[in-house]
Asks: 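Sharing a structure, written as structure tokens. Questions coming.
Quick note: numbers below take in every heavy atom, side chains included, and nothing from hydrogens, waters or symmetry partners. Atoms within each ligand, like the ligands themselves, are counted from 1 in listed order. Residues: numbered from 1 along the sequence shown.
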Amino acid sequence: MKDSIQKIGVFTSGGDAPGMNAALRAVVRAGIYYKKEVFGIMRGYEGMIDGDIVKLGARSVGNILQRGGTILKSARSMEFKTPEGRKKAYDNLRKEKIDALIAIGGDGTFTGLHKFYEEFKIPSICIPGTIDNDIAGTDYTIGYDTATNTCVEAIDRIRDTALSHSRLFFIEVMGRNSGYIALHSGIAGGAGSIIIPEEDTTFEQLYEKLVAGEVTSKKSNLVVVAEGSKIGGVTELARKVAERTSYFDIKVTILGHLQRGGAPSYFDRVLASKMGVAAVEGVLEGKNDAMVGIRDNKIVFNSFDTIMTQHHEIDAEALRIAKILTI
Ligand code: ATP
């Protein structure tokens, strides 16, 4: 273990995700377990630039494990993208004698931390916290499981009304350019079609499938669409279908930010706890400019370069079975 590291700074940044608090708790408690001091940096890089930094104790992260959002708050900072902004942030860290950083966030957060490491050489580890599951080097990101469960619950509810009125629903779920949430919630929710950016489904193919469903008496139908859909969003798809036929009674639901909130699932709490402890142990063992991940249920570390040059491939087996099950 590195004696050169005595004070660890931790922050949450980018989009919030359920389980960020659980990761924070794990970082703080692991740091204290290894006899280090841990400081919370408020509002991500914004707070680093403003010097909004608070010392955290084991008890100050009590009762947050089960809470969604992030008690440290999150922000998107334009100033951190400038060398002047990063210098200000560095000066504030020096003032507090913080000598290692652990960031909980998505790929933008990692990009910022990588630049910061290159400039100031503060040992840094990232923990992937984003509902999108769009980061290479880890099978799961913190928040993804909870958000997907939220989608499945919503899809189940929409199915009740779709069945009662024989309606066709287009349901948009989050994920940015990743189809993970759509694919897995679509399978779990029994969607008739799933539209994700990783697949080249055309509008014609979708339309034909909807009509084929009609022929086999499937009048109520759910189409789960990832927000990154390359053939148009839910509103556009619904409009295009309505232009072709009046057979379907079409409704559109955009699940939106409700996917971000809520208590983290058991899976996200355990994942966040494992990653938080691993991040502290990793940085104290000399790991640097890297991201903690989970592959085949084992903790791994990947360099920033590996993560940023690779794409988190879509779950091919899920894609295959979705084709079979959505006939
Ligand atoms: P999510 O995937 O949930 O949106 P994220 O971490 O990707 O999370 P971003 O808003 O992309 O969210 O990034 C968070 C912050 O990281 C930005 O507001 C900015 O302060 C910093 N950041 C992003 N890209 C850079 C960059 N190229 N240089 C310096 N800082 C950056």
Asks: Kindly identify the option in Gly108, Gly15, Ala103, Ser77 whose heavy atom sits closest to atom 17 (C) of ligand 1.
Replies: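 Heavy atom nearest to atom 17 (C) of ligand 1 belongs to Ser77.
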
Asks: Run the salt-bridge test on Glu243 and Lys240 with the 4.0 Å N-O cut-off and return the result as yes or no.
Replies: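 Salt bridge flag = no for Lys240 with Glu243.
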
Asks: Tell me whether Gly106 has any N or O atom under 3.5 angstrom from an N or O of ligand 1.
Replies: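 Gly106 vs ligand 1: N/O contact under 3.5 Å present.
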
Asks: Taking all non-hydrogen atoms of both residues into account, name the closest pair between Ala23 and Ile142 and its distance.
Replies: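 Taking Ala23 first and Ile142 second, the nearest heavy atoms are CB-CD1, 4.0 Å.
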
Asks: Side chain, backbone, both or neither: which part of Thr111 comes within less than 4.0 Å of ligand 1 when only heavy atoms are counted?
Replies: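 Side chain only.
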
Asks: Using a 4.0 Å heavy-atom threshold (strictly under), name the region of Phe80 that reaches ligand 1: side chain, backbone, both or neither.
Replies: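 Phe80 to ligand 1: contacts from backbone and side chain alike.
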
Asks: Is the shortest N/O to N/O distance between Lys81 and ligand 1 below 3.5 Å?
Replies: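 No: no nitrogen or oxygen of Lys81 is under 3.5 Å from one in ligand 1.
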
Asks: Just distances here: any N/O of Asp132 and N/O of ligand 1 closer than 3.5 Å?
Replies: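 No; every N/O pair is 3.5 Å or more apart.
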
Asks: Quick one: do the Lys209 and Thr326 side chains pair a donor with an acceptor below 3.5 Å?
Replies: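 Side chains of Lys209 and Thr326: pair found under 3.5 Å.
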
Asks: Nearest 0.5 angstrom please: Ile135 CD1 to Asn302 CG, how far?
Replies: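 Going from the CD1 atom of Ile135 to the CG atom of Asn302 covers 11.5 Å.
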
Asks: Assess whether a salt bridge exists between Asp99 and Lys7, defined as any Lys/Arg side-chain N lying under 4.0 Å from an Asp/Glu carboxylate O.
Replies: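 Salt bridge between Asp99 and Lys7, a charged N being under 4.0 Å from a carboxylate O: no.
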
Asks: Give the atoms of ligand 1, by number and element, whose distance to some non-hydrogen atom of Thr130 is under 4.0 Å.
Replies: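 Going through ligand 1 atom by atom, the ones under 4.0 Å from Thr130 are 2 (O), 3 (O).
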
Asks: Under 3.5 Å, is there a donor-acceptor pair between the Thr70 and Asp16 side chains?
Replies: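 No, because no side-chain N or O of Thr70 sits under 3.5 Å from a partner of the opposite role on Asp16.
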
Asks: Which heavy atom of the protein is the closest neighbour of atom 30 (N) of ligand 1, given with residue, atom name and distance?
Replies: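 For atom 30 (N) of ligand 1, the nearest protein heavy atom is Gly112 CA, 3.3 Å.
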
Asks: Side-chain donor-acceptor pair under 3.5 Å between Thr146 and Asp268, yes or no?
Replies: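 Yes, a side-chain donor-acceptor pair sits under 3.5 Å.
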
Asks: Give the residue and atom name of whichever protein heavy atom lies nearest to atom 28 (N) of ligand 1, and the separation in Å to one decimal.
Replies: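 Of the protein heavy atoms, Lys115 NZ, 3.5 Å lies nearest.
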
Asks: How far is atom 6 (O) of ligand 1 from the closest protein heavy atom, and which atom is that?
Replies: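 For this ligand atom, the closest protein heavy atom is Thr109 OG1, 2.5 Å.
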
Asks: Going by atom types only, do Tyr34 and Glu281 share a side-chain donor-acceptor pair under 3.5 Å?
Replies: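 Judged by distance alone, the side chains do pair up.
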
Asks: Would you tell me which option among Arg176, Arg260, Glu46, His114 has the nearest heavy-atom contact to atom 4 (O) of ligand 1?
Replies: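 Looking at heavy atoms only, the winner is Arg176.
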
Asks: Taking 4.0 Å as the limit for heavy-atom contacts, which would you say applies to Arg76 with ligand 1: side chain only, backbone only, both, or neither?
Replies: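 The answer is both.
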
Asks: Near Asn63 CG, under 6.0 Å, is it more than 12 heavy atoms from other residues, nucleotides or ligands?
Replies: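 Counting neighbours around CG of Asn63, 12 or fewer heavy atoms of other residues, nucleotides or ligands fall under 6.0 Å, so no.
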
Asks: Students should be able to answer this: which protein heavy-atom is nearest to atom 15 (C) of ligand 1, and at what distance?
Replies: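 Nearest protein contact, heavy atoms only, for atom 15 (C) of ligand 1 is Ser13 OG, 3.8 Å.
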
